[in-house]
Amino acid sequence: MSSEVTTYQLLDGKAASKAIRDRIATEAAEVTAHRGRPPHLAAVLVGDDGASRTYVNSKVKACAAVGFRSTLIEESADLTEEELLGMIDRMNRDPELDGFIVQLPLPKHIDEEKVTLAIDPRKDVDGFHPENIGRMVLGLPGYLPATPAGIVELLRHYGVETSGKHCVVVGRSHIVGTPMSILMSRNSEPGNCTVTITHSRTRDLSSIVRQADILIPAIGKPEFITADMVKDGAVVVDVGIHRMPDASRKSGFRLVGDVKFDEVAPKCSWISPVPGGVGPMTITSLLLNTLKAAKG
Ligand code: GUN
């Protein structure tokens, strides 16, 4: 019988972000002094999805805190695809703008693929354009997708050993699961993992998840990963974030991840909390990408 690990360490994305953002602020000041203007990020929000609004507001706030300029462009849900593509074209050509993002998801009548393809890869600080995805796969310089890159930085910050470990990624989305599997398998530290990517068609998911030394659930199912699915001593990085109704909170909800934290944490060597884990690191990655864009 294996014994349970009863003390776990927190992969604290807030603390790691603070340390990294302090360094970003120092470099931003240098860029500003050198170029005569601060790094500049624009964010486009279409429609009134509450969660998206919260994320975009956090991104704008984070920019101000590190000395970046930011522009928030809010459009109603009836913005046409053509109008959005026109805005992207203008932002691509705007010399005062270093990078921009279009917050996803978009209203159904707008084709996200078309939008992603329309963004100039040199300003694609989300790292979603196929050119940047291709560069990531080949290990060429480019912009890495913010969430998976943030997870790599979180593991780096806490010195988590990854080489030779079995990493199981749950979920194959274009913006998290798929790029995450690439970053964890590449010949780099953190990285050098043996990676398994699982998805909705995976047979006997629990038994595969249970083999993970490093488990990265990104499935969008609240508290889906339970203690019986996690190996003793595993490192768990929870990408999920869900609002659960909670009448005892002033906001009326509480945030949970894809992992049932209270029962899973005691089995882990390291685990990231929700909130305060991957979320702040995603924004930190976006700041790192924007700084890189500003440096040219
Ligand atoms: N929606 C969920 N995550 C992201 C992200 O990292 N960037 C954008 N643009 N939209 C998202």
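Ligands are counted one by one from 1 in listed order, and the atoms in each one are counted from 1 as well. Just so we're clear, the structure is a prediction, and the values are computed from it rather than from any experiment.
Side-chain contact between I175 and T147: absent, with no pair of heavy atoms (C-beta onward) separated by less than 4.5 Å. Proximity of I283 to R21: side-chain heavy atoms (C-beta onward) are separated by under 4.5 Å at one or more points. Contact check for R243 versus T54: side-chain heavy atoms found under the 4.5 Å cut-off. Residues C63 and R69 fail the side-chain proximity criterion, which asks for heavy atoms closer than 4.5 Å. Side chains of E74 and L72 form a contact here, defined as non-hydrogen atoms less than 4.5 Å apart.
Ligand 1 is never approached by Y55 to a heavy-atom distance shorter than 4.0 Å.
Contacts between D126 and ligand 1 below 4.0 angstrom, taking non-hydrogen atoms only, involve the side chain exclusively. Under 4.0 angstrom from ligand 1, the non-hydrogen atoms of K59 all belong to its side chain. Contact annotation: for L286 versus ligand 1, there are no heavy atoms closer than 4.0 Å.
For ligand 1, none of its N or O atoms has an N or O atom of I175 under 3.5 Å away. The shortest N or O to N or O distance between T282 and ligand 1 is not below 3.5 Å. Among the atoms of F128, none of the N or O lies under 3.5 angstrom from an N or O of ligand 1.
For atom 11 (C) of ligand 1, the closest non-hydrogen atom of the protein is Q103 NE2, 3.3 Å. Looking at atom 10 (N) of ligand 1, its nearest protein heavy atom turns out to be L104 N, 3.0 Å.
Distance alone, capped at 3.5 Å, places no donor-acceptor pair between the R186 side chain and the V137 backbone.
Using cut-offs of 30° and 60° for the angle between ring planes, the Y158 and W270 rings count as tilted.
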